[in-house]
Colleague: 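One structure follows; several queries about it will come next.
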2 protein chains.
Amino acid sequence: MKLGTKGRYAVMALVDLAYYSKGKPLAVTEIAQRQSLPASYLEQLFATLRHKGLIASTRGHQGGYSLAREAETIRISEILEAIGEPIETTRCSKTSDTGCVGTKGTCLTHALWAGLGQQMHQYLNGISLADVCERRLT
Amino acid sequence: MKLGTKGRYAVMALVDLAYYSKGKPLAVTEIAQRQSLPASYLEQLFATLRHKGLIASTRGHQGGYSLAREAETIRISEILEAIGEPIETTRCSKTSDTGCVGTKGTCLTHALWAGLGQQMHQYLNGISLADVCERRLT
DNA sequence: AGCATTCCTGACTAATTTAGTCAAGTATGA
DNA sequence: TCATACTTGACTAAATTAGTCAGGAATGCT
């Protein structure tokens, strides 16, 4: 149950973007340096984040990336999902309930994992980029 | 951010143990069959759970495994930690805060991941094997 | 026009982790 | 003594992670 670099880097980069961009777009290399992340890897991540509509790009000189929406409206849960680091606590889901303790149709542990996933999602969905920037984190 | 089979199987097996063992020890193969888990893999997991003191073994005929303590006192968080599936949301921790947004000493995202980890731990620590068996899961 | 800058894309890969299998024991009760 | 069941360690195939690298395309500045 660990958070990979993909999700971690994506959030770090977007927080940096929200924090240091004053209207102007920021270059990948600038962000990568400040956060000490591999630039070429970050480029990859930004590509998918752009396709998902979380950030916008400006090409050429003085170009770079900027948030597609207000920092207040971008939730951490969105970023993780967009980058392909979803919260997966359950494996038996939706259709069939096989591989479970077959006591009463639905498995005993399913509710446990589903509850955990919901808990995590709720937390990450309740926090925006702006919240992280301004250190409003309970 | 996904839960591996190791942690999942361990909890499933201990829930099964708590649910079906009536004082008597249960054989690994029995549990594995009922939960449709690979028996040889489960054996491995049970070995480490025993070393960590969560379960006890009885060898020979009519032998098997049983919970080392009351199901009410064994928390899910314990099982996951014992089996080697800890909750790792942060990477920069304890000693140095390198690799973070260096605005004020501690990084901006650190608090976020720490909060997530705490959230998860709190949830899993608040649930015992008995709770899962009796479907008391909020 | 030309050049530096920056995004953009896809292919590739080394290392680690996961999810097991397999074989050979050892202890115990019937 | 034999079947049952735990016990241990070595091994491995496949998937995932965490990147690198090379080349191309758009844009603004001089």
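Just so it is clear, the structure is predicted and the values come from calculations on it, not from any experiment. Every chain is numbered from 1 and lettered A, B, ... according to where its sequence line falls, protein lines coming before strand lines.
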Colleague: Extract all donor-acceptor atom pairs below 3.5 Å that involve side chains of residues 121-134 of chain A and protein atoms in other chains or at least two apart in sequence.
Modeller:
from   : atom 1 : to     : atom 2 : distance (Å)
A:N125 : OD1    : A:S77  : OG     : 2.9
A:S128 : OG     : A:A130 : N      : 3.4
A:S128 : OG     : A:D131 : N      : 3.2
A:S128 : OG     : A:D131 : OD2    : 3.2
A:D131 : OD1    : A:R136 : NE     : 3.0
A:D131 : OD1    : A:R136 : NH2    : 2.7
A:D131 : OD2    : A:S128 : N      : 2.9
A:E134 : OE1    : A:R136 : NH1    : 2.3

Colleague: Looking at residues at least two apart in the chain, or sitting in another chain, which of them share a salt bridge (charged side-chain N to carboxylate O under 4.0 Å, His left out) with A:E88?
Modeller: none

Colleague: Output one line per pair: protein atom, nucleotide atom from nucleotides 28-30 of chain C, and distance, for all N/O pairs under 3.5 Å.
Modeller:
from   : atom 1 : to    : atom 2 : distance (Å)
C:dT28 : O2     : B:H61 : N      : 3.4

Colleague: Excluding sequence neighbours, so at least two apart, what forms salt bridge (charged side-chain N to carboxylate O under 4.0 Å, His left out) with A:E81?
Modeller: none

Colleague: Taking the side chain as every heavy atom from C-beta outward, state whether A:Q119 and B:Q119 have any atom pair closer than 4.5 Å.
Modeller: yes

Colleague: Grab the N/O contacts between the protein and nucleotides 16-19 of chain C below 3.5 Å, and write none if there aren't any.
Modeller:
from   : atom 1 : to   : atom 2 : distance (Å)
C:dA19 : OP2    : B:T5 : N      : 3.1
C:dA19 : OP2    : B:T5 : OG1    : 3.0
C:dA19 : O5'    : B:T5 : OG1    : 3.1

Colleague: Among all residues two or more places apart in sequence or in another chain, which pass the side chain to side chain contact (heavy atoms under 4.5 Å, CB included) test with B:S40?
Modeller: none

Colleague: Give, ordered by number, those residues of residues 42-57 of chain A having at least one heavy-atom distance below 4.0 Å to an atom of DNA chain C; if nothing qualifies, reply none.
Modeller: A:E43, A:Q44, A:R50, A:H51, A:S57

Colleague: Is the CD atom of B:E72 crowded by more than 12 outside heavy atoms at less than 6.0 Å?
Modeller: yes

Colleague: By salt bridge (charged side-chain N to carboxylate O under 4.0 Å, His left out), which residues pair with B:E78, not counting sequence neighbours?
Modeller: B:R69

Colleague: Just list the side-chain donor-acceptor pairs under 3.5 Å for residues 45-59 of chain A, sequence neighbours left out, or say none.
Modeller:
from  : atom 1 : to    : atom 2 : distance (Å)
A:T48 : OG1    : A:L45 : O      : 3.2
A:H51 : ND1    : A:A47 : O      : 3.0

Colleague: With a strict under 4.0 Å distance from non-hydrogen atoms of chain A, what nucleotide opens and what nucleotide closes the contacted stretch of DNA chain D, reading 5' to 3'?
Modeller: D:dA18 to D:dC29

Colleague: Please report how far the helix from C:dA1-D:dT30 to C:dA30-D:dT1 bends, comparing the axis fitted to its first five pairs with the axis fitted to its last five, to the nearest 10 degrees.
Modeller: 10°

Colleague: With A:E30, which residues qualify under salt bridge (charged side-chain N to carboxylate O under 4.0 Å, His left out), at least two apart?
Modeller: A:R34

